[in-house]
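These numbers come from a predicted model, not from an experiment. Just so you know, these numbers use all the heavy atoms, side chains as well, and skip hydrogens, waters and symmetry mates.
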Amino acid sequence: MTTLGDIFAAVERGVFPVVDLGVSVVPAPSERESAVVAFTGHVVVAAEVTPEWVAARVPVDDLATPTNPPFLSALAAATGRRVSSNDAMLLAPAVTDPDERAAAVEGLTPLTDLDHPRVRRALDYRDDVQAYGDLHGGVVVTGRGVAGRLECAIELPDEVWGRGHGRRLARAARALIPTGASIWAQVTPGNAASLRAFLAAGYQPVGSEALLVR
């Protein structure tokens, strides 16, 4: 059986779902979350519902409906969850050159303050969380999130915005994972500054996701 983890692993290899204007239904990746994931020409509903349940609510060849509020609200009600986010998905490979890896993480130190808001949020939604801080008050967090994929998040104090620190932290996340791996970032589309930072750090947009949690 195809799983959301299988789909993400294929995307990391550059293989995307077929562009057929279709909707696939796969199991929820975990008890923690369900998701609606949209790629070019194909949508994946990963939740505790049947293909018949989805087909009854999504017109044929309509890829807008599964990502819109009415469908997401119905899915939340059917699965006993709430819609947590609706984000762009970005993906980047690990930095592999040893010198570049060392330069990318220079100045970062493990963060021991687990009460930091970004760290608390990561602990709620990810496993194997690792957090690092820098001298500017920035934070980069990595961990295993939806369907076990490697994910990252960054945060900066307002007073240091616009100085390239976000791009630096986003690139650092690529050097904090094993060589040969890839890392995902989820960014609210309206957060243009964050999108620019991740794009400048070598991430590529691959789709969008609506996450549903308990």
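- Among residues at least two apart or in separate chains, side chain to side chain donor-acceptor pair (under 3.5 Å) pairs with a member in residues 59-70 are Asp62-Thr65.
- Checking each of Leu111, Thr109, Leu176, Val139 against Tyr132 for a side chain to side chain contact (heavy atoms under 4.5 Å, CB included) leaves exactly one that passes, namely Leu176.
- By the rule that hydrophobic residues join a cluster once side-chain heavy atoms approach within less than 4.5 Å of another member, Phe8 and Val213 end up as members of one cluster.
- Sorted by first then second residue, the ring pair (Phe, Tyr, Trp, His ring centres under 6.0 Å) pairs that include residues 16-59, not counting sequence neighbours, are Trp53-Phe71.
- In this structure, the side chains of Met89 and Val187 stay at 4.5 Å or more apart for every pair of heavy atoms.
- With values rounded to the nearest 0.5 angstrom, Asn86 atom CG is found 8.5 Å from Glu209 atom CD.
- From Asp87, atom CG reaches atom CG of Leu211 across 8.0 Å, with rounding to the nearest 0.5 Å.
- A salt bridge links Arg81 with Glu48: the closest approach of a Lys/Arg side-chain nitrogen to an acidic carboxylate oxygen falls below 4.0 angstrom.
- Criterion: ILVMFWY side-chain heavy atoms under 4.5 Å apart, direct or through other members. Under it, Leu150 and Leu169 are part of a common hydrophobic cluster.
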From CA spacing to verdict: side-chain contact (heavy atoms from CB on, under 4.5 Å), Arg196, Arg167
CA-CA 8 Å; Arg196 288 194 297 267; Arg167 178 173 66 249; over 6 Å; no
Show your working on side-chain contact (heavy atoms from CB on, under 4.5 Å) between Val36 and Val44 and close with a plain yes or no.
CA-CA 6 Å; Val36 176; Val44 179; over 6 Å; no
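- Val18 and Val43 are not part of a single hydrophobic cluster, where members link through side-chain heavy atoms under 4.5 Å apart.
- Partner of Pro17 under the side chain to side chain contact (heavy atoms under 4.5 Å, CB included) criterion, chosen from Val37, Thr40, Ile7: Ile7.
- Remark: the backbone N or O of Val141 is not paired with any side-chain donor or acceptor of Gln130 at under 3.5 angstrom.
- At a threshold of 4.5 Å between non-hydrogen side-chain atoms, the residues Val45 and Val26 do not count as touching.
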Hey, mind stepping through Leu212 and Val83 against side-chain contact (heavy atoms from CB on, under 4.5 Å) and telling me if it holds?
CA-CA 4 Å; Leu212 292 86; Val83 180; 4.2 Å; yes
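- Val146 is listed as a side-chain neighbour of Leu4, based on a closest heavy-atom distance under 4.5 Å.
- Heavy-atom minimum distance, Gly180 versus Ala94: N-CB, 4.3 Å.
- Summarising the geometry, atom OG belonging to Ser182 is positioned 9.0 Å from atom CZ belonging to Arg174; distances are rounded to the nearest 0.5 Å.
- A heavy-atom distance below 4.5 Å is not found between the side chains of Thr142 and Arg126.
- Cluster annotation: Val25 is not connected to Val11 through the hydrophobic network of ILVMFWY side chains, with a link wherever side-chain heavy atoms come within less than 4.5 Å.
- Of the listed residues (Arg149, Arg144, Arg32), just one forms a salt bridge (Lys or Arg N to Asp or Glu O under 4.0 Å) with Asp127, and that residue is Arg32.
- Using a 4.5 Å cut-off between side-chain heavy atoms of Ile, Leu, Val, Met, Phe, Trp and Tyr, with links allowed through other members, Val206 and Val23 fall into different hydrophobic clusters.
- The ring pair (Phe, Tyr, Trp, His ring centres under 6.0 Å) contacts involving residues 190-214 comprise Phe198-Tyr203, where partners must be two or more places apart or lie in separate chains.
- Under 3.5 Å, the side chains of Asn191 and Thr188 contain no donor-acceptor pair of N or O atoms.
- When all heavy atoms are compared, the tightest approach of Ala172 to Val105 is O-CG1, 4.1 Å.
- For the atom pair CD of Gln204 and CG of Leu90, the computed distance is 8.5 Å after rounding to the nearest 0.5 Å.
- Arg171 has a carboxylate O that lies under 4.0 Å from a charged side-chain N of Glu100, or vice versa, which qualifies the two as a salt bridge.
- Atom CG in Leu156 sits 7.5 Å away from atom CZ in Arg168 (nearest 0.5 Å).
- Judged purely by atom type and a 3.5 angstrom limit, Arg214 uses its side chain to pair as donor or acceptor with the backbone of Thr79.
- Closest approach of Pro27 and Ala46 over heavy atoms only: O-CB, 3.6 Å.
- In this structure, Cys152 SG and Gln186 CD are separated by 7.5 Å, a value rounded to the nearest 0.5 Å.
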